[in-house]
Amino acid sequence: MALLSVLAAVLLTSGVFAASRPYNGYLEKQFPQTFYDSYNVLKHTGGIGPYSDRVGYGIDPNPPAGCAVDQVIMLMRHGERYPDATTAAGIKAALGKVYGAGISSWQGDLAFLDDWTSYLADPGLLEQETFSGPYSGLLHAFRRGSEYRARYGHLWNGESIVPIFAGGYERVVETARYFGQGFFGYNYSTNAALNIISENYTQGADSLTPTCLPDTGLLACFYTTRTFPQFEVAAQRFNSQNPGLNLNSSDIVSLMSTATFELQARPHSPWINAFTLDEWVAFGYVQSLSYYYCSGPGDHYQVAVGQVFANASLALFEAGPEHLSMSWNFAHDAYITPVLAALGLDVPSSPLPNNTIPFPNPYNAADMVPMGGHLVLERLTCNATAMSSAGTFVRAVINEAVVPWPKCQSGPGFSCPFSNFTAIVNAAPSFVETCEVAKRGFPQYLDFWWNYNTTTKLNFQNGPISYQEKYTLV
Ligand SMILES: *[C@@H]1O[C@H](CO)[C@@H](O)[C@H](O)[C@H]1NC(C)=O
Ligand SMILES: *[C@@H]1O[C@H](CO)[C@@H](O)[C@H](O)[C@H]1NC(C)=O
Ligand SMILES: *[C@@H]1O[C@H](CO)[C@@H](O)[C@H](O)[C@H]1NC(C)=O
Ligand SMILES: *[C@@H]1O[C@H](CO)[C@@H](O)[C@H](O)[C@H]1NC(C)=O
Ligand SMILES: *[C@@H]1O[C@H](CO)[C@@H](O)[C@H](O)[C@H]1NC(C)=O
Ligand SMILES: *[C@@H]1O[C@H](CO)[C@@H](O)[C@H](O)[C@H]1NC(C)=O
Ligand SMILES: *[C@@H]1O[C@H](CO)[C@@H](O)[C@H](O)[C@H]1NC(C)=O
Ligand SMILES: *[C@@H]1O[C@H](CO)[C@@H](O)[C@H](O)[C@H]1NC(C)=O
């Protein structure tokens, strides 16, 4: 009896029965005073961890007073997924080494291994969206769609057929489909029109995944493994706790990926706690280095890749909502960081050091392209206020945080006046010139926002989800 009343008290104070509880003006605040992410590993898992909102600057995501969003453009990465074949091979090799040590009773940080089972049993799921657990990629896409219906639903007239653009890659297409179902609800099958845009480099600029052929250093860059002493420290700790184990720093990186991917398919990964904060920070920084130098501000060819989407966004905002009030686009991480760089967002004041780990990290991949990461550009039409004259402004919302341009924030709510936004985009290096697109005879601008299909025949999966043999980049 005593236990039951304690339980009841706990449930009451924890808000489980909040609906039937009278309003308590003493406890409920207009604004929370606590932020729960002071320690959150998701800020250190770079581009291969579950989604987390970006830490904001305290700017209201609702439009500033006197302004309305009249056009929105989104570029979203696919949601949480199973590892790709290369990463999975590394994970399997490292796990093979762990189990191959013949240890019958695990000790120390690896004690959980006595009970742990792998989540990678089905090779057919590699590369695909996850569909189970609270971090499920498909769930995330659906939820994003329904949240955006609440926020941007006023931009749909309830009748027209709205295109949704997805790069031609299975997990990207599935993310777009689930987002569309979340956004359009009962109207998805009739009023959304999925347009699948080939990821082939021959698309030139008419692509969500433009390829810069002269950027020959790219593949080498992606596969470069940069190592930091923290990984060696972890290897030695596990080895000394479990004599017979012989892990090295590259095994540690694979085992840390085991953790970040497990969390995308399951509610909990015991691997996370096997590593220290220092080790996670190093892991996240290796990720950030790759984005910075291989698909971000550190590679001018990639800034030109980002110019395609930046320039098309400018053109769409110039055309206005009469042409297309919403532009929903789905691609990959490595095509979002270039757009941010081309727009002059998240550009650190000096290149990232590759031999030390700056903290806080001025270019944290987890704030830009976690799984399901998304950049939203809003066109705001504003009435005159005491602070600013009437006009058109642009705002960037990255992973739900309003991120002002460092040098363009004089509009309402720290937005950027449209003429200045135009100047920012026009200052980006041209994709067509930098990447020698004309010379190769490929399309020279993004055309599908202007010539899209209104057929709904690609809206649903038809046939087996095929395992992706190749990354269609090359
Ligand atoms: C701008 O002003 C017009 C005329 O007063 C008003 O109808 C409209 O709602 C205002 N727009 C916003 C976003 O407040
Ligand atoms: C959208 O779905 C609702 C509910 O089924 C329906 O009443 C409405 O007619 C649909 N709109 C269109 C344009 O099909
Ligand atoms: C529209 O459909 C045609 C015919 O299937 C196809 O060739 C074209 O690439 C599609 N365009 C887009 C933007 O998906
Ligand atoms: C890309 O397109 C070219 C030209 O149509 C074609 O030859 C090639 O097979 C395509 N590549 C892929 C990976 O589909
Ligand atoms: C770690 O060991 C694996 C083989 O088990 C090897 O392939 C890899 O190169 C080693 N890494 C380092 C940094 O020695
Ligand atoms: C920008 O986009 C417009 C419209 O698609 C296109 O005409 C123009 O060539 C593009 N400019 C550059 C520099 O890419
Ligand atoms: C690390 O940075 C230095 C100087 O900034 C540069 O010379 C070197 O090539 C970089 N190394 C790698 C592996 O990127
Ligand atoms: C914004 O554009 C105006 C003219 O359109 C110019 O005078 C001003 O210097 C620009 N501001 C910035 C921050 O670029």
Side-chain angles (χ1 to χ4, degrees), residues 71 73 145-146 149 153-163 165 180-193 197 203-208 210-212 300-320 323-327 329 338-339 341-345 347 377 380 382 387-396 404-412 414-440 442-452 454-456 459:
Q71 225 178 353
I73 299 174
S146 79
R149 176 61 178 270
H154 66 284
L155 299 177
W156 184 47
N157 61 14
E159 293 296 331
S160 59
I161 295 186
V162 178
F165 305 101
Q181 289 174 74
F183 190 95
F184 288 98
Y186 298 118
N187 302 112
Y188 175 71
S189 57
T190 52
N191 288 79
I197 313 300
Q203 291 280 123
D206 193 17
S207 175
L208 289 169
T211 303
C212 190
H300 80 279
Y301 291 109
Q302 292 303 310
V303 183
V305 163
Q307 182 262 352
V308 173
F309 194 90
N311 178 59
S313 299
L314 172 63
L316 193 61
F317 282 158
E318 277 170 345
H323 173 60
L324 191 62
S325 57
M326 303 181 275
S327 176
N329 302 274
V339 178
L343 288 172
L345 292 167
V347 178
L377 296 173
L380 300 169
C382 304
M387 290 292 290
S388 56
S389 48
T392 307
F393 301 85
V394 178
R395 229 167 48 148
W405 270 273
K407 292 195 181 130
C408 189
Q409 42 183 254
S410 61
F414 300 91
S415 61
C416 178
F418 197 77
S419 61
N420 299 103
F421 175 73
T422 304
I424 289 171
V425 173
N426 287 339
S430 151
F431 174 73
V432 169
E433 282 165 30
T434 312
C435 301
E436 301 170 1
V437 175
K439 192 170 103 182
R440 294 180 161 88
F442 300 149
Q444 295 181 41
Y445 64 95
L446 190 154
D447 182 54
F448 52 84
W449 287 355
W450 309 90
N451 292 299
Y452 50 82
T454 51
T455 168
T456 58
N459 283 21

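Counting begins at 1 with the first residue of the sequence. Each ligand, and each atom within it, is numbered from 1 in the order the structure gives.
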Tell me the contacting part of Gln444 for ligand 6: side chain, backbone, both, or neither, using a 4.0 Å heavy-atom threshold, strictly below.
neither
Under 3.5 Å: donor-acceptor pair, side chain of [X], backbone of [Y]:
{"X": "Gln71", "Y": "Leu324", "result": "yes"}
{"X": "Asn191", "Y": "Glu159", "result": "yes"}
{"X": "Asn187", "Y": "Gly158", "result": "no"}

Can you list the ligand 2 atoms lying under 4.0 Å from a non-hydrogen atom of [X]?
{"X": "Gly158", "answer": "13 (C)"}
{"X": "Tyr186", "answer": "2 (O), 4 (C), 5 (O)"}
{"X": "Asn187", "answer": "1 (C), 2 (O), 3 (C), 8 (C), 10 (C), 11 (N), 12 (C), 14 (O)"}

For atom CD of Glu318, is the number of surrounding heavy atoms from other residues, nucleotides or ligands below 6.0 Å larger than 12?
yes
Ligand-residue contact atoms, ligand 6 with Asn311, heavy atoms, under 4.0 Å
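Listed by number with element: 1 (C), 2 (O), 3 (C), 8 (C), 10 (C), 11 (N), 12 (C), 14 (O).
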Pairing residues for Ser207 by the side chain to side chain donor-acceptor pair (under 3.5 Å) criterion, not counting sequence neighbours:
Thr209
Report yes if the side chains of Val425 and Leu343 come closer than 4.5 Å at any heavy-atom pair, otherwise no.
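Val425 reaches Leu343 side chain to side chain.
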Would you say ligand 2 has an N or O under 3.5 Å from any N or O of Trp156?
no
My understanding is that only residues two or more places apart in sequence, or in another chain, count here; which of them pass salt bridge (Lys or Arg N to Asp or Glu O under 4.0 Å) with Glu436?
Lys439, Arg440
Identify every side-chain donor-acceptor pair in residues 304-311 under 3.5 Å, counting partners at least two apart or on other chains, and give the distances.
unit_1: Gln307; atom_1: OE1; unit_2: Phe431; atom_2: N; d: 2.9

For ligand 6, find out whether one of its N or O atoms is nearer than 3.5 Å to an N or O atom of Gln307.
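Between Gln307 and ligand 6, an N or O pair is found under 3.5 Å apart.
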Atom pairs, nitrogen or oxygen, ligand 8 to protein, under 3.5 angstrom:
unit_1: ligand 8; atom_1: 2 (O); unit_2: Asn420; atom_2: OD1; d: 3.3
unit_1: ligand 8; atom_1: 2 (O); unit_2: Asn420; atom_2: ND2; d: 2.4
unit_1: ligand 8; atom_1: 5 (O); unit_2: Ser419; atom_2: OG; d: 3.2
unit_1: ligand 8; atom_1: 11 (N); unit_2: Asn420; atom_2: ND2; d: 2.8
unit_1: ligand 8; atom_1: 14 (O); unit_2: Asn420; atom_2: ND2; d: 3.0

Pair Asn157-Ser160, side-chain hydrogen bond (donor to acceptor under 3.5 Å, both in side chains): steps then yes or no:
CA-CA 6 Å; Asn157 61 14; Ser160 59; 3.1 Å; yes
